[in-house]
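This one's a predicted model, so the numbers in the text were calculated from it and none came from an experiment. Hydrogens, waters and symmetry mates are skipped; everything else that's a heavy atom, side chains included, is used. Per chain, numbering begins at 1; letters A, B, ... match sequence-line order.
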Number of protein chains: 2
Amino acid sequence: MEQQSIVNKALEKIGDFSASEFNMIHAHAQFRQLKKNDILLKEGQVCSAIYFIIKGAFYQYRMNDVDENIIELHVDNEWFLNNTSFITQKPSFDTIKAYADSEILELNIHSIHKLIEISPVFFQLGKLLQPAAVRTQFFDNTMTPAEKYNYVLEHRPRLLQSFPLKYIASYLKMAPETLSRIRGKH
Amino acid sequence: MEQQSIVNKALEKIGDFSASEFNMIHAHAQFRQLKKNDILLKEGQVCSAIYFIIKGAFYQYRMNDVDENIIELHVDNEWFLNNTSFITQKPSFDTIKAYADSEILELNIHSIHKLIEISPVFFQLGKLLQPAAVRTQFFDNTMTPAEKYNYVLEHRPRLLQSFPLKYIASYLKMAPETLSRIRGKH
DNA sequence: TTCATTTCTTGATTTCAGTCAAGTCAGTGT
DNA sequence: ACACTGACTTGACTGAAATCAAGAAATGAA
């Protein structure tokens, strides 16, 4: 199947699984379709699954009085989750929303636990938490706006194509005007 | 034993363990003593264990050209680890150093895996990753210096007693002068 | 097409935290 | 008692990014 090979390719990057182990993962995964602006996880709900984007894009935001504060951006061929809520299994502070019509695969925490009971091989799925953990290193206040932009340009360039400037500015915690000026100087 | 009851009390907060399960955890844990300025984990090493501070204090810092940039502060009766290195099992960017003569308990990743093989109950140990995950929410650039100080004052007041002002300022990513001024206005 | 709305850019001004600098205070050693 | 050091405070100045404001460009709807 087309979808499965895409997912397997992404899984190969995070661990060493046999064909039968791939099949076990797919047996536990749920295919889902969402329309633009559909909500995948609402603030207050517990994030009990990890997701793989086959097609589309998602963003996570937190309400701050009036406006949406963007926490994470995700494009196709990426795994994502609300890291804090998933790890703690407590209500999420953030909402996850589809930015475009999307197709995703869902692997819930019970399935992951079952898989790990079957074999410690599936511990490697824990590495899916890695990107979020690594990312937080960079977005402490030690980086200047220009450094943040260059970091995204180098490490996640597809974000810049997939989302409007003001989403990226919010994600990078700077004013849209500032991002516009930085981009102006190539 | 004195130490065990301290640790069990801390473990009760994160999960529901039986007496025999407590014993299994202690059987896998290593007791260690460190002197002030002893290094627990050096930059470049993989963080392969989680630690519980029975007595003393620790800090994690990252070298930035000349000066130490403080990443985390830990006081007694807390679990800690280098979150990123532990989750990814890749070399740490940070060094963990004893701020005072300390006594700790060490539970390495192999022991944790063994425990989880014995029983899924020990999955709850994963919750020890929680504090770090929760903390990163707050230290994105959305908070003003005063808000950061108030957050620490409310959630981790013992840090303010345990470490000198300049350590806390570095941890909160602000100039020592700024922290001093904020504190001046109660 | 035209009009309306949103997105992005550009300029002028403001503000808040960082830096620089000087001084106080407490602790240590001689 | 004295100087020396490190921790903290306070004031003056600076600079980078936010804010305010206006307008241009792109998008979409009628």
Side-chain angles (χ1 to χ4, degrees), chain A residues 35-37 56-57 59 61-71 73 75 97-101 138-153 157-186, chain B residues 35-37 57-59 61-71 73 75 97-101 138-153 157-186:
Chain A
K35 292 233 165 281
K36 184 179 166 80
N37 293 326
Y59 62 102
Y61 63 91
R62 188 173 308 177
M63 287 311 288
N64 201 8
D65 292 330
V66 279
D67 48 8
E68 298 181 355
N69 210 293
I70 298 209
I71 307 295
L73 299 170
V75 293
K97 195 182 262 189
Y99 178 69
D101 294 352
F138 293 97
F139 292 165
D140 54 19
N141 314 16
T142 57
M143 290 177 106
T144 66
E147 286 170 340
K148 291 178 189 176
Y149 175 74
N150 288 328
Y151 179 77
V152 171
L153 192 62
R158 293 168 62 220
L159 295 190
L160 305 178
Q161 267 76 58
S162 308
F163 295 97
L165 177 140
K166 68 169 183 174
Y167 280 58
I168 296 161
S170 175
Y171 172 56
L172 297 177
K173 274 83 174 96
M174 66 181 75
E177 294 93 330
T178 302
L179 180 55
S180 176
R181 279 184 249 265
I182 290 166
R183 198 169 57 173
K185 303 175 202 145
H186 306 112
Chain B
K35 291 236 166 279
K36 183 178 168 81
N37 293 326
F58 288 80
Y59 63 103
Y61 63 90
R62 190 173 306 178
M63 287 311 287
N64 201 9
D65 293 331
V66 281
D67 48 11
E68 298 181 354
N69 211 291
I70 297 207
I71 307 295
L73 300 170
V75 293
K97 196 183 264 190
Y99 178 69
D101 293 352
F138 293 98
F139 291 166
D140 54 19
N141 313 18
T142 58
M143 292 178 102
T144 65
E147 286 169 339
K148 291 179 190 177
Y149 175 74
N150 288 329
Y151 178 76
V152 171
L153 193 61
R158 292 170 62 222
L159 295 190
L160 306 178
Q161 267 76 58
S162 307
F163 294 96
L165 176 139
K166 68 169 182 171
Y167 281 59
I168 296 161
S170 176
Y171 172 55
L172 298 177
K173 274 83 175 104
M174 67 180 75
E177 295 92 331
T178 301
L179 180 55
S180 177
R181 279 185 249 265
I182 290 166
R183 199 169 57 173
K185 303 175 202 144
H186 305 113

### Query
Think B/S180 has a side-chain N or O under 4.0 angstrom from the OP1 or OP2 of D/dC8?
no
#### Entry: Comparing B/K166 and B/E177 on DNA chain D - which has the more 5′ nearest nucleotide
B/K166
### Task
Answer whether the closest heavy-atom distance between the side chains of A/P145 and A/I182 falls below 4.5 Å.
yes
### Query
Quick one: does A/R181 reach the base of C/dG11 with a side-chain donor-acceptor pair under 3.5 Å?
yes
### Summary
Whole-Å distance, A/R183 CZ to D/dA17 C1', equals 18 Å
### Message
Cation-pi check for A/Y99 against A/K36: NZ or CZ below 6.0 Å from the six-membered ring centre and within 45 degrees of the axis, yes or no?
### Response
yes
#### Entry: Distance in angstrom units between A/L179 CG and C/dC8 P, rounded
9 Å
### Message
What's A/P145 touching, base or sugar-phosphate or nothing? Going by heavy atoms closer than 4.0 Å.
### Response
sugar-phosphate
### Message
Treating A/K166 as the side-chain partner and A/A175 as the backbone partner, does any N or O pair qualify as donor plus acceptor under 3.5 Å?
### Response
no
### Query
What is the distance, rounded to the nearest whole Å, between atom NZ of A/K173 and atom C1' of C/dA17?
19 Å
### Query
A/M174 has an atom CE; how far is it from atom C1' of D/dT19, in whole Å?
16 Å
### Task
For A/S162 and A/R158, indicate whether the former's side chain and the latter's backbone hold a donor-acceptor pair under 3.5 Å.
yes
### Task
Measure the distance from CD1 on A/I182 to P on D/dA18 and round it to the nearest whole Å.
9 Å
### Query
Rounded to the nearest Å, what distance is computed from the CG atom of residue B/L165 to the P atom of nucleotide C/dA26?
16 Å
### Message
Within the 4.5 Å heavy-atom criterion, are B/F163 and B/V75 side-chain neighbours or not?
### Response
yes
### Query
Would one find a side-chain N or O of B/T178 under 4.0 angstrom from OP1 or OP2 of C/dA17?
no
### Query
A/Y167 has an atom OH; how far is it from atom P of C/dT6, in whole Å?
12 Å
### Message
If you only use heavy atoms from C-beta on, which nucleotide in D/dA18, C/dT19, D/dT9 is closest to the side chain of B/A175?
### Response
C/dT19
### Query
D/dA17 P sits how many Å from A/M143 CE, rounded?
13 Å
